[in-house]
Amino acid sequence: MTAPTVTQVADGVHFVESTHVNWTLLTEGDALTLVDSGYPADFPALRHSVQSIGFRLEQIAAVLLTHAHVDHIGGLPRLLAEVPVPVHGTEPEARHARREFLQQATPVDVLTNLWRPGFLPWTLYLVRAGALKDIKVPTATPFPDPLDVPGAPVPVPTPGHTSGHCAYHLPAAGAIITGDTLVTAHPTSSADGPQLLRPFFSHDQARTVAALDTLAAVDANVVLPGHGPVVRQDIAAATAHARSLL
Ligand SMILES: [Zn+2]
């Protein structure tokens, strides 16, 4: 296992960077909310990240999804086999996680881009990381109302990357988990700083671009992306930077 990098970005907010994808741990008292879970092969790193902040998997009270791509739900089958906790997303994303449909770049999409810089090593990595496995979360459900989970994350629906993609605002921390609506680096990108993923990664890139406006309206100056490092910048400036690269 490659140990993930765990960074405390605010009280009760730990941002975890594994090899090629991130997740976030929100703590409140002795309970924990996990937002996303990495590739299937990231499960040991997921367990390690929880233990590294002094918690156990049994203290996870809920899992929230930004979206149900395999690099974000991959750790859940093994996690749920050990600790059967609720998994929530938006209504469409809960169905996506149950694999009632699949909105994910196909192997053909990836293969036709292999000539681009960075794609070949990344593709070899993701095959090893379990990206071709048939991963789903049959127990995923829409957010309960109210959503009362440790860390008090506030869902900010940002459809586009997937139909039910959701960011999470952490008001007390002045932070926002942006998932794959806004990333800050990717092995297949040579751009620096806040940016969009390549269009073929997204179900609807026009809606992803439009969702940047939703993010920009949030009061946050710590950006916790699905891919890439934490960026301490006002989210409005971060989204403006992403637009400047289009
Ligand atoms: Zn992703």
Side-chain angles (χ1 to χ4, degrees), residues 3-18 21-38 42-67 71-73 75-76 79-80 82-90 93 140-158 165-184 194 214-215 217-236 238:
T5 303
V6 183
T7 308
Q8 180 165 10
V9 296
D11 250 9
V13 182
H14 291 83
F15 182 61
V16 185
E17 296 166 80
S18 192
V21 68
N22 308 326
W23 55 88
T24 305
L25 305 170
L26 308 175
T27 65
E28 185 175 332
D30 60 1
L32 190 66
T33 298
L34 169 67
V35 184
D36 288 351
S37 67
D42 280 319
F43 180 70
L46 176 60
R47 182 199 299 276
H48 178 92
S49 69
V50 170
Q51 292 172 344
S52 78
I53 64 166
F55 281 75
R56 290 173 288 110
L57 295 184
E58 291 74 15
Q59 290 172 284
I60 298 175
V63 177
L64 302 183
L65 305 176
T66 62
H67 64 297
D71 50 334
H72 299 260
I73 65 168
L76 294 185
L79 174 69
L80 297 175
E82 292 195 28
V83 286
V85 295
V87 178
H88 301 303
T90 63
E93 211 57 29
T141 54
F143 300 124
D145 185 16
L147 177 65
D148 183 15
V149 296
V154 179
V156 180
T158 50
H165 189 286
C166 191
Y168 295 93
H169 184 206
L170 309 173
I176 184 156
I177 298 168
T178 58
D180 282 5
T181 299
L182 183 71
V183 303
T184 61
T214 304
L215 292 180
V218 173
D219 184 12
N221 53 23
V222 180
V223 179
L224 307 176
H227 303 272
V230 54
V231 166
R232 294 179 183 276
Q233 180 181 40
D234 189 83
I235 183 66

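When reading the values below, keep in mind they use all heavy atoms of this one structure, side chains included, and skip hydrogens, waters and symmetry mates.
By the 30° and 60° cut-offs, the orientation of the rings of Tyr168 relative to Phe143 is perpendicular.
What you find for Ser49 and Leu25 is that their closest heavy atoms are O-CD1, 3.7 Å. Minimum interatomic distance between Trp23 and Val35 (heavy atoms only, all atoms of both residues): CB-O, 3.3 Å. Nearest heavy atoms, Ala45 versus Pro4: O-CG, 3.5 Å. Between Leu46 and Gly75 the shortest heavy-atom distance is CD2-O, 4.4 Å. The nearest pair of heavy atoms linking Asp42 to Ser18 is OD1-OG, 2.7 Å. Closest non-hydrogen pair, Gly226 versus Thr178, comes out as N-OG1, 4.4 Å.
Between Leu79 and Ile60 the shortest side-chain heavy-atom distance falls below 4.5 Å. Val13 is listed as a side-chain neighbour of Leu26, based on a closest heavy-atom distance under 4.5 Å. Counting heavy atoms from C-beta on, the side chains of Leu147 and Leu64 come closer than 4.5 Å. Between Val16 and Asn22 the shortest side-chain heavy-atom distance does not fall below 4.5 Å. Taking 4.5 Å as the limit, every side-chain heavy atom of Gln59 sits out of range of all side-chain heavy atoms of Val50. Counting only heavy atoms from C-beta outward, the side chains of Val87 and Ile73 never approach each other to under 4.5 Å. No side-chain heavy atom of Thr181 sits under 4.5 Å from any side-chain heavy atom of Thr214. When side chains are defined from C-beta on, Leu76 counts as touching Leu65, because their heavy atoms get closer than 4.5 Å.
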Using residues 149-156 as the side-chain source, report each donor-acceptor pair under 3.5 Å to any protein atom, sequence neighbours left out, with the distance given to one decimal.
none

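Applying the salt bridge (charged side-chain N to carboxylate O under 4.0 Å, His left out) test to pairs two or more places apart or on separate chains, those with a residue in residues 50-65 are Arg56-Glu58. Among residue pairs with one or both ends in residues 27-37, none qualify as salt bridge (charged side-chain N to carboxylate O under 4.0 Å, His left out); sequence neighbours excluded.
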Subject >> Steps toward side-chain contact (heavy atoms from CB on, under 4.5 Å) verdict (Leu182, Ile176) >> reply: CA-CA 10 Å; Leu182 183 71; Ile176 184 156; over 6 Å; no

Subject >> Test log, rule side-chain contact (heavy atoms from CB on, under 4.5 Å), inputs His165 and Thr66 >> reply: CA-CA 6 Å; His165 189 286; Thr66 62; 4.1 Å; yes

**OP:** Assess whether side-chain contact (heavy atoms from CB on, under 4.5 Å) is satisfied between Phe55 and His14, documenting all intermediate values.
**Re:** CA-CA 12 Å; Phe55 281 75; His14 291 83; over 6 Å; no

Original post:
Given Val223 and Val230, is the side-chain contact (heavy atoms from CB on, under 4.5 Å) satisfied, shown in steps?
Top reply: CA-CA 6 Å; Val223 179; Val230 54; over 6 Å; no

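Between the Thr90 side chain and the Glu93 main chain, a donor and an acceptor come within less than 3.5 Å of each other. Within the 3.5 Å criterion, the main-chain N or O of Ala220 finds no donor-acceptor partner in the side chain of His169. The backbone N or O of His72 lies less than 3.5 Å from a partner atom in the side chain of Ser37, making a donor-acceptor pair. Within the 3.5 Å criterion, the main-chain N or O of Pro229 finds a donor-acceptor partner in the side chain of Thr184.
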